[in-house]
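Below is one structure, written out as structure tokens; comments come after it.
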Amino acid sequence: METLAAVLWEREAPWSVETIELDPPGPEEVQVELHASGMCHSDEHIVTGDMPFHLPCIGGHEGAGVVAAVGDKVTSVRPGDHVVFGFMPSCGRCPSCSTGHQSLCDLGARLYTGRQIADGTARHHGRGQDIATACLVGSFAHHTVVHEASCIRIDPAVPLDRACLLGCGFVTGWGSAVYAADVRPGDTVVVAGVGGIGAAAIQGAKLAGARVIVALDPAVSKKDQALAMGATHVATSWEEAPGIVAEATWDRGVDKFICTMGRGDGKLVRKALAMTAKRGRLVVTNIHPAAEREVSVNFMDLTLSEKQIVGTLYGSANPRADIPKLLELWSAGLVDLDAVVSRTYALEDINDGYADMRTGNFLRGVLRYPAAG
């Protein structure tokens with residue numbers, strides 16, 4: 001079939017919205033009619049080359065839609081089911097999955113290839129070439145074909161233009177606070193970077209019982225949003241933050257410092273660690289450039305204060321369990337997906353959406369497709 005997709009043909013170029021050819025699903029694969037896709041900063045990293053995905057590539061990994069067709073070996077979903085894509089596929093059998101760490105599934109080793117898990121070939125084609133898909137998903141398209149391992153069935157009553165956020169950003173941010181940082185009742189927390197992921201981290205920290213949540217972001221326009229989602233204090237610079245942290249924690253530093261900026265900076269790690277308390281934990285969620293090799297850290301402080309630096313992928317969550325759980329929390333009014341969405345766009349306006357994101361006065365853009373009505 002033919003469908004519309006946003007393709008990146010070369011680094012530092014705009015997304016090209018054009019018609020592509022899509023093959024039918026293979027035996028272990030699922031064809032999905034997409035209704036919506038979140039516009040994650042990670043796709044911007046594909047443009048800049050900070051994440052070296054194979055090109056040409058259909059962007060998008062934060063999608064939701066309705067199953068249109070399945071291969072004859074697919075057992076977990078069927079046509080008509082509503083699904084969210086997990087940007088990290090989960091096989092359920094590898095050592096990570098079987099020990100409750102689906103975010104580290106061995107299938108993730110194939111993400112950068114953009115080729116189908118089952119046989120290493122492509123289902124997406126354009127301009128006479130095979131086209132890769134971001135995170136084996138390619139949700140910047142009206143239709144896609146993915147492996148069954150990437151599909152998570154959800155309640156059909158949930159609006160897909162909100163459910164799509166759980167394909168990456170919201171689970172990543174929420175899990176960064178609840179799982180990776182292990183925020184406990186009464187903890188003090190900094191969330192550095194209030195985009196879609198940071199907004200979810202603030203909500204996760206609040207739900208986990210944090211006493212102090214400092215939102216650190218240079219965009220003054222985000223102050224009210226951060227406070228509405230659960231922040232107790234707001235800092236608009238890395239120079240202002242230490243004073244706010246000191247006052248809020250009686251000079252002890254925060255128990256948990258969560259980095260969710262759009263682009264990680266090794267020079268800021270030392271500053272973050274300096275605001276972290278004895279036996280505190282610094283969680284690095286944001287993507288640093290693949291070529292970055294230098295990080296500024298005071299290792300004497302790390303050792304003598306028994307501090308921790310922890311990386312996290314997908315918020316250290318188990319998407320097959322946590323996506324339905326978070327949708328139930330949203331239905332109960334305990335987390336707010338609506339507050340994270342700054343604006344919606346048609347696929348044809350994707351470059352306008354990323355231009356808006358680059359202003360910094362933005363949480364999350366969502367692409368809505370014709371199937372959504």
Side-chain angles (χ1 to χ4, degrees), residues 3 22 24-38 40 60-94 96-98 100-105 107-108 111 116-118 123 133-172 174-175 200 314-315 317-332 334-335 337 366-369 371-373:
T3 194
L22 184 64
E28 301 173 12
E29 296 165 3
V30 181
Q31 184 188 95
V32 177
E33 178 187 68
L34 282 142
H35 285 220
S37 177
C40 183
H61 57 281
E62 199 177 79
V66 178
V67 175
V70 301
D72 58 16
K73 293 184 179 180
V74 172
T75 59
S76 63
V77 296
R78 59 186 181 184
D81 282 347
H82 288 211
V83 295
V84 172
F85 297 131
F87 87 83
M88 175 65 70
S90 55
C91 69
R93 296 180 296 275
C94 71
S96 294
C97 284
S98 63
H101 303 286
Q102 293 173 10
S103 63
L104 294 174
C105 178
L107 294 179
L111 288 188
Q116 293 294 324
I117 290 170
R123 303 289 174 269
T133 53
C135 296
L136 312 176
V137 168
S139 62
F140 290 169
H142 289 175
H143 302 82
T144 193
V145 169
V146 302
H147 194 274
E148 180 181 16
S150 298
C151 292
I152 299 165
R153 187 163 59 91
I154 62 168
D155 185 340
V158 177
L160 292 170
D161 61 352
R162 293 299 180 264
C164 69
L165 299 171
L166 281 82
C168 175
F170 202 90
V171 173
T172 297
W174 186 83
Y314 215 160
N318 289 300
R320 293 196 177 278
D322 287 316
I323 287 176
K325 178 193 296 184
L326 278 164
L327 290 174
E328 290 171 0
L329 289 171
W330 174 69
S331 296
L334 296 174
V335 297
L337 297 176
V366 169
L367 299 169
R368 294 183 81 248
Y369 303 141

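V84 and A163 get closest at one heavy-atom pair: CG2-O, 3.6 Å. In terms of heavy atoms, E148 sits closest to T75 at OE2-N, 3.0 Å. Taking every heavy atom of both residues into account, S150 and P89 meet most closely at OG-CB, 3.8 Å. Across all non-hydrogen atoms, the minimal contact from T144 to L34 is CG2-CD1, 3.9 Å. Between L160 and V83, the shortest heavy-atom distance links the atoms CD2-O, 4.4 Å. The two residues A141 and Y369 come nearest to each other via the heavy atoms O-CE1, 3.2 Å.
In this structure a side-chain-to-backbone donor-acceptor pair under 3.5 Å is present from N318 to G100. Looking only at distances, no side-chain donor or acceptor of E33 sits under 3.5 Å from a matching main-chain atom of A371. Q116 contributes a side-chain N or O that, together with a main-chain N or O of V145, makes up a donor-acceptor pair within less than 3.5 Å. Remark: side-chain polar atoms of S37 are not paired, donor with acceptor, to backbone N or O of F140 under 3.5 angstrom.
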Stepwise side-chain contact (heavy atoms from CB on, under 4.5 Å) check, L327 with D155: CA-CA 9 Å; L327 290 174; D155 185 340; over 6 Å; no
Step-by-step side-chain contact (heavy atoms from CB on, under 4.5 Å) determination, H35 to V66: CA-CA 8 Å; H35 285 220; V66 178; 3.6 Å; yes
Do V67 and C151 pass the side-chain contact (heavy atoms from CB on, under 4.5 Å) test, and can you show the C-alpha distance, the side-chain angles, and the key distance before you say yes or no? CA-CA 9 Å; V67 175; C151 292; 5.7 Å; no
CA sep, side-chain torsions, deciding dist, call: W174, D322, side-chain contact (heavy atoms from CB on, under 4.5 Å): CA-CA 10 Å; W174 186 83; D322 287 316; 4.1 Å; yes
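Classification of the Y314-F87 ring pair by plane angle, with boundaries at 30° and 60°, yields tilted.
With values rounded to the nearest 0.5 angstrom, S139 atom OG is found 8.0 Å from L367 atom CG. With rounding to the nearest 0.5 Å, the separation of CD in Q102 from CE in M88 is 11.0 Å. In this structure, SG on C105 lies 9.0 Å from CZ on R320, to the nearest 0.5 angstrom. The line from CG of L136 to CD of E29 is 10.5 Å long, rounded to the nearest 0.5 Å. Interatomic distance, E328 CD to I323 CD1, rounded to the nearest 0.5 Å: 12.5 Å. Taking OG1 of T133 as the reference point, atom CG of L111 lies at 9.5 Å (rounded to 0.5 Å).
A 6.0 Å sphere centred on CZ of R153 holds no more than 12 heavy atoms belonging to other residues, nucleotides or ligands.
A heavy-atom distance below 4.5 Å is found between the side chains of L337 and L166. When side chains are defined from C-beta on, P79 counts as touching V70, because their heavy atoms get closer than 4.5 Å.
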